[in-house]
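Each ligand, and each atom within it, is numbered from 1 in the order the structure gives.
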Amino acid sequence: MDLEVLFLGTAGSTPTARRALPATLVTRGGDRILFDCGEGTQRQLLRSVGLVDLEEVFVTHFHADHFLGLPGMLKSFALRGRDAPLSVYGPPGLRRLFEALAPVIGRIPFELRLVELEPNVRLERDGYAIAAYAAEHGVRAYGYALVEDERPGRFDEQRARELGVEPGPDFGRLHRGEAVMGAGGEVRPEQVVGEPRRGRKIVLTGDTSPTAATRVAADHADLLVHEATFAADEAERARATGHATARGAAELALEARVALLALTHVSPRYGGAELRDEGREVFEQTIVPHDFDRVEIPFPERGEPAHVRAER
Ligand SMILES: [Zn+2]
Ligand SMILES: [Zn+2]
């Protein structure tokens, strides 16, 4: 099952020629989930995977740089006659926001489901869950964690054969946790199946100061996408505005023992390299993706998350 993160917009507050406003697309198998939808996101989609009929959009908070792409994208979906429903999730206030946007959006031919989430709510999906947790940003803001279900342990085929189990349906039954009859009597799953293996985990913080809640949510995450609006020399300003520095995000990543830290929401004053270097002084596995870069996340036993740079 492929799991991949595509950075569609890595700027914070205002766009630059190189960086668009916040939007991150997570793809897991056939599921495509958009986190934040800054102005211009539909064009970033067109320039990469296409303006696909997304089914779920999660908004971290209602600062303009994180949601203004929604009205235009909904209009485009409407103009091409989409009829599949679209769900938009966010903190309380989402419905009020859409009431204000209604005259802009106008009539749409598909069902728009607006779901206001309480913090720590967990939405179960097929094989994974998406959980919201409270961020610290001066306004109501969420981070989101995508957490895969535990997987069954490794199946020891050779051991199963030795116990007289015929390859075929009985292998599947054992792997699913059922006992079967072998040549010498009953064979139980624990004889041939290892310890359950953890699923993968991605955490996206949205705008926030570094917090204990993120540290807990990101514990042993395969990928932490943390905002780093500022460098450490602006630590005071970061604190005052509910943002993070590259150093602050890297310290958190180190404590949470994540596999890879991706810094986003880059202030227009930075190119990115200075934030990456500052992060790496604390946490070596730090990247500052550019727009259209991807991170591929294999199952842990198959390797480390890989930063795939877009062609430029
Ligand atoms: Zn922002
Ligand atoms: Zn914000």
Asks: Sorted by chain and residue number, which protein N/O/S atoms are under 2.8 Å from the Zn ion (ligand 2)?
Replies: H61 NE2, H63 ND1, H137 NE2, D207 OD2
Asks: Does any donor atom in the side chain of H63 or H137 lie under 3.5 Å from an acceptor atom in the other side chain?
Replies: yes
Asks: Can you tell whether the side chains of R125 and E56 come within less than 4.0 Å, N to carboxylate O?
Replies: yes
Asks: Among the N/O/S atoms of H265, which is closest to the Zn ion (ligand 1)? Give the atom name.
Replies: NE2
Asks: Would D156 and V193 satisfy side chain to side chain contact (heavy atoms under 4.5 Å, CB included), going step by step from the backbone distance to the final call?
Replies: CA-CA 6 Å; D156 189 339; V193 181; over 6 Å; no
Asks: What residues form a salt bridge (charged side-chain N to carboxylate O under 4.0 Å, His left out) with E55, not counting sequence neighbours?
Replies: none
Asks: Judged by modelled atom types alone, do D36 and H61 share a side-chain donor-acceptor pair under 3.5 Å?
Replies: no
Asks: Do you know which of T60, L21, T41 makes side chain to side chain contact (heavy atoms under 4.5 Å, CB included) with H66?
Replies: T60
